[in-house]
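Reckoned from all heavy atoms, side chains included, excluding hydrogens, waters and symmetry mates. Residue numbers begin at 1 in each chain, while the letters A, B, ... track the order of the sequences.
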Amino acid sequence: MTAIPKPSKSAPPKSTTAPEYTAAPENTTAASAAAAGSAAPPPVASPAALHSAVIDWFGEHARDLPWRRPEAGAWGVMVSEFMLQQTPVARVLPVYEQWLARWPRPAGLAAEAPGEAVRAWGRLGYPRRALRLHGAAVAIAERHGGNVPRDHAKLLALPGVGEYTAAAVASFAYGGRHAVLDTNVRRVLARAVTGVQYPPTATTAAERRLARALLPEDDGTAARWAASTMELGALVCTARNPGCARCPIAARCAWRLAGSPPHDGPPRRGQTYAGTDRQVRGKLLAVLREATAPVPQRVLDAVWEEPVQRARALDGLVADGLVEPLADGSYRLPLSRAEPT
DNA sequence: TATCCGTGGGG
DNA sequence: TCCCCAAGGAT
């Protein structure tokens, strides 16, 4: 364990007109940071006060979500994290409950056909996540004795587990000390610390540095901080209409102190959907999810007019292992793991 | 690094 | 209505 935040006056003289505390990035000198083309994290007047303000707020306003209850266990936390990747809490709740009731442990899911996971995934979207969660369950059963690993690196090695999910599971399920950088936390830090309305499009090294620099030293406090900042971003410091009047750190928010300047730079481009392969894939898979028997080609052909795109979408689903083609030309959700192409 | 990958609710 | 965006990951 390394002591992270230490008062440092070696901050680059650049343009630091703000208060005099800069959490020292681990092993990163101002020179190396400059060499890497990135500035040191913005100064934070009093990290400890920031921590307690947000954590206290969390104590009063945290939602009672099923994956936060002790009985959820690490598997419950992991399942929730997969489902919450790009999907709102309200839509996850019912599916989560059914999922945990059916597969209370990883081994149960691992014993199923992957298609069952895809079917149970329902309309949560991005069904490859269902396949990856199934794959993670298989790996947990095979490599970890059926228990969700505690170690960040082992979590990261599981299918569908990236930097965020590994940190989230290690932190929320096991109380570990990790920088949990999701879209909510990134927005909170962008505003409260960096003083801009929105974080960059893609997560930057500077953001990771900042998150690490702000991490409380104590494991339990760090885990609490992670959950608290995430909740603050989800409930108060929202993307569109931030509820600054309800915010426990509004008075120390760099963005507010700067007069809440609007986002400058290029508009953040949204995802187009209508007419894309994704829409076609969604329609095809919806048919297959509802079907109990293999679906003939002509039934699938009915979901989309344009034959080239339709075929491409179906091929893509097969390549992804979401759909299994049968010898007679019909299709179904996969009974076995996809063959590596 | 930019793109792809679903689905639906709210402003 | 339209548009934004919601606890990301893989390539």
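- In this structure, A:Q86 reaches the C:dG8 phosphate: one of its side-chain N or O atoms is under 4.0 Å from OP1 or OP2.
- Dense packing is recorded around CZ of A:R63, with more than 12 heavy atoms of other residues, nucleotides or ligands lying under 6.0 Å away.
- Comparing A:R132 and A:G233 against DNA chain C, the residue whose closest nucleotide sits nearer the 5' end is A:G233.
- The A:R281 side chain lies nearest to B:dC5 when the options are C:dA7, B:dG8, B:dC5.
- As judged by a 4.0 angstrom heavy-atom cut-off over every strand, A:G162 is placed among residues touching the sugar-phosphate backbone only.
- Closest heavy-atom contact between A:E97 and A:R69: OE2-NH2, 4.3 Å.
- A straight line from CD of A:Q309 to C1' of B:dC5 spans 14 Å, rounded to a whole angstrom.
- One C1' atom belongs to C:dA6, the other to B:dG6, and the distance between them is 12 Å to the nearest Å.
- Counting any heavy atom pair closer than 4.0 Å across all strands shown, A:V92 reaches no nucleic acid atom.
- Applying the 3.5 Å distance criterion, the base of B:dG6 shares a donor-acceptor pair with the side chain of A:R278.
- Interatomic distance, A:Q297 CD to A:L326 CG, rounded to the nearest 0.5 Å: 11.5 Å.
- For the pair A:R289 (side chain) and A:L284 (backbone), a donor-acceptor distance under 3.5 Å is absent.
- Heavy atoms of A:Q279 sit nowhere under 4.0 angstrom from any nucleic acid atom.
- Among the nucleotides B:dG10, B:dT7, C:dA7, the one closest to the side chain of A:R91 is B:dT7.
- Note on A:S80: nothing from the nucleic acid sits closer than 4.0 angstrom, heavy atoms only.
- Out of C:dC5, C:dG8, C:dA7, the shortest distance to the side chain of A:Q85 is found at C:dG8.
- Place A:R123 and A:R128 on DNA chain B by their nearest nucleotides, and A:R128 ends up nearer the 5' end.
- Residue side chain A:T87 reaches the base of B:dG6 through a donor-acceptor N/O pair under 3.5 Å, judged by distance alone.
- Toward the 5′ end of DNA chain C lies the nearest nucleotide of A:Y198, the other residue of the pair A:Y198 and A:P159 mapping further downstream.
- Residue contacts shown for A:L65 include a base, since a base heavy atom lies under 4.0 Å away.
- Contacts of A:W121 with the nucleic acid, taken as non-hydrogen atoms under 4.0 Å apart, are absent.
- A:W103 has its ring centre no less than 6.0 Å from the ring centre of A:W75.
- Set against C:dC5, C:dG8, C:dA7, the side chain of A:Y126 has C:dG8 as its closest nucleotide.
- In this structure, the nucleotide among B:dT7, B:dG10, C:dA6 sitting nearest to the side chain of A:R289 is B:dT7.
- Between A:R240 atom CZ and B:dG9 atom P the separation is 14 Å, expressed in whole Å.
- Candidate nucleotides C:dA7, C:dG8, B:dC5 were compared by shortest atom distance to the side chain of A:R187, and C:dA7 ranks first.
- Between the A:E81 side chain and the A:A168 main chain, no donor and acceptor come within less than 3.5 Å of each other.
- Between the CG atom of A:D277 and the C1' atom of B:dC5 there is a distance of 10 Å, rounded to whole Å.
- Looking at A:R68 and A:E231, a side-chain N of the basic residue comes within less than 4.0 Å of a carboxylate O on the acidic one, giving a salt bridge.
- Among the protein residues, A:R312 comes within range of no part of the nucleic acid, since none of its heavy atoms lies under 4.0 Å from any strand.
- Between A:L124 atom CG and C:dC5 atom P there is a gap of 21 Å when expressed in whole angstrom units.
- With P as the reference atom, B:dC4 and C:dA7 are 23 Å apart, rounded to whole Å.
- Rounded to whole angstrom, the span from the CG atom of A:L131 across to the C1' atom of C:dT11 amounts to 16 Å.
- Rounded to an integer number of Å, the gap from A:L322 CG to B:dC4 C1' is 13 Å.
- Backbone-only engagement by A:A239 is indicated by non-hydrogen atom pairs under 4.0 Å involving sugar-phosphate atoms exclusively.
- If you take CG of A:D320 and C1' of B:dC4, they are 10 Å apart, rounded to a whole angstrom.
- With rounding to whole Å, A:R208 atom CZ is found 12 Å from C:dG8 atom C1'.
- Neither OP1 nor OP2 of C:dC5 sits under 4.0 Å from any side-chain N or O of A:T183.
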